[in-house]
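Beneath this line is the structure, given in structure tokens, with notes to follow.
Every value quoted in this text rests on a predicted model; they were computed, and no experiment measured them. Worth knowing before you read on, the calculation uses all heavy atoms, side chains too, and leaves out hydrogens, waters and symmetry mates.
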Amino acid sequence: MSGNTIRARMEFSFRGEAYELDTLIDLDRCLRDAREEPNFHSLLAKAAGIDAYSYLYEVMESHDIEFSQATGLAAPCCLDGAFDWFRYLMAVREEADLSAVRAIAEQTLGVSDLDDRSDLKAALLAAYRAGQASGA
């Protein structure tokens, strides 16, 4: 399990039976598997053993998922039971860019703590992103 996880829960009833679905989702795995937003209903159904071609699944899809207990970069993206996938993607990209810039600063400039040098951090990050945007 990665450091970026989120708990997905849902309660509903179907044909007089109460269902309480609950699973922990590895968001890093979701990113590796597909770049688009995961189908959280499908992931929750799969964890509960619900067939995607059943009436139970159709009923499940009509209910909202409650998200909680987010970890890592996902934590600030989970508020009041909702999860902002786009914000999470932005946080992942930001962290990847910062990781690359930190390595460059350490290797070429001998700067081990880039957070102490916000001006240098901003300049290196801008240069790094400009290089990525130009395809260099």
Under the ring-ring contact (aromatic ring centres under 6.0 Å, His included) test, residues paired with Tyr57 that sit two or more places apart:
none
Residues forming a side chain to side chain donor-acceptor pair (under 3.5 Å) with Arg93, sequence neighbours excluded
none
How far does CG of Asp64 sit from CZ of Phe12, to the nearest 0.5 angstrom?
12.5 Å
Kindly compute the distance separating CZ (Phe14) from CD (Glu58), expressed to the nearest 0.5 Å.
8.5 Å
Keeping to residues at least two apart or across chains, list the side-chain hydrogen bond (donor to acceptor under 3.5 Å, both in side chains) pairs with something in residues 36-53.
none
For Glu11, salt bridge (charged side-chain N to carboxylate O under 4.0 Å, His left out) partners two or more places apart
Arg9
Salt bridge flag under 4.0 Å for residues Arg129 and Glu94:
yes
Separation between CG of Asn4 and CZ of Arg29, rounded to the nearest 0.5 Å
15.0 Å
How long is the gap from CZ on Phe40 to CE on Met10, to the nearest 0.5 Å?
12.0 Å
Could you go through residues 99-114 and list every donor-acceptor pair under 3.5 Å that involves a side-chain atom there, pairing it with any protein atom two or more places apart or in another chain?
from   : atom 1 : to     : atom 2 : distance (Å)
Thr108 : OG1    : Ile104 : O      : 2.6
Asp113 : OD1    : Asp115 : N      : 3.3

I'd like a table of donor-acceptor pairs (distance under 3.5 Å, sequence neighbours excluded) in which one partner is a side-chain atom from residues 70-80, with atom names and distances.
from  : atom 1 : to   : atom 2 : distance (Å)
Thr71 : OG1    : Gly3 : O      : 2.9
Thr71 : OG1    : Thr5 : N      : 2.9
Thr71 : OG1    : Thr5 : OG1    : 2.6

Begin with the C-alpha distance, continue with both residues' side-chain angles, and end with the deciding distance and a verdict on side-chain contact (heavy atoms from CB on, under 4.5 Å) for Leu21 and Thr23.
CA-CA 7 Å; Leu21 310 181; Thr23 192; over 6 Å; no
Test Trp85 against Leu27 for side-chain contact (heavy atoms from CB on, under 4.5 Å), laying out the working first.
CA-CA 10 Å; Trp85 176 256; Leu27 295 170; 4.0 Å; yes
To the nearest 0.5 Å, how far apart are SG in Cys30 and CD1 in Ile6?
10.0 Å
What verdict does the side-chain contact (heavy atoms from CB on, under 4.5 Å) test give for Tyr88 and Leu31, after you've listed the backbone C-alpha separation in whole Å, the side-chain angles of each residue and the deciding distance to 0.1 Å?
CA-CA 10 Å; Tyr88 172 69; Leu31 274 176; 3.9 Å; yes
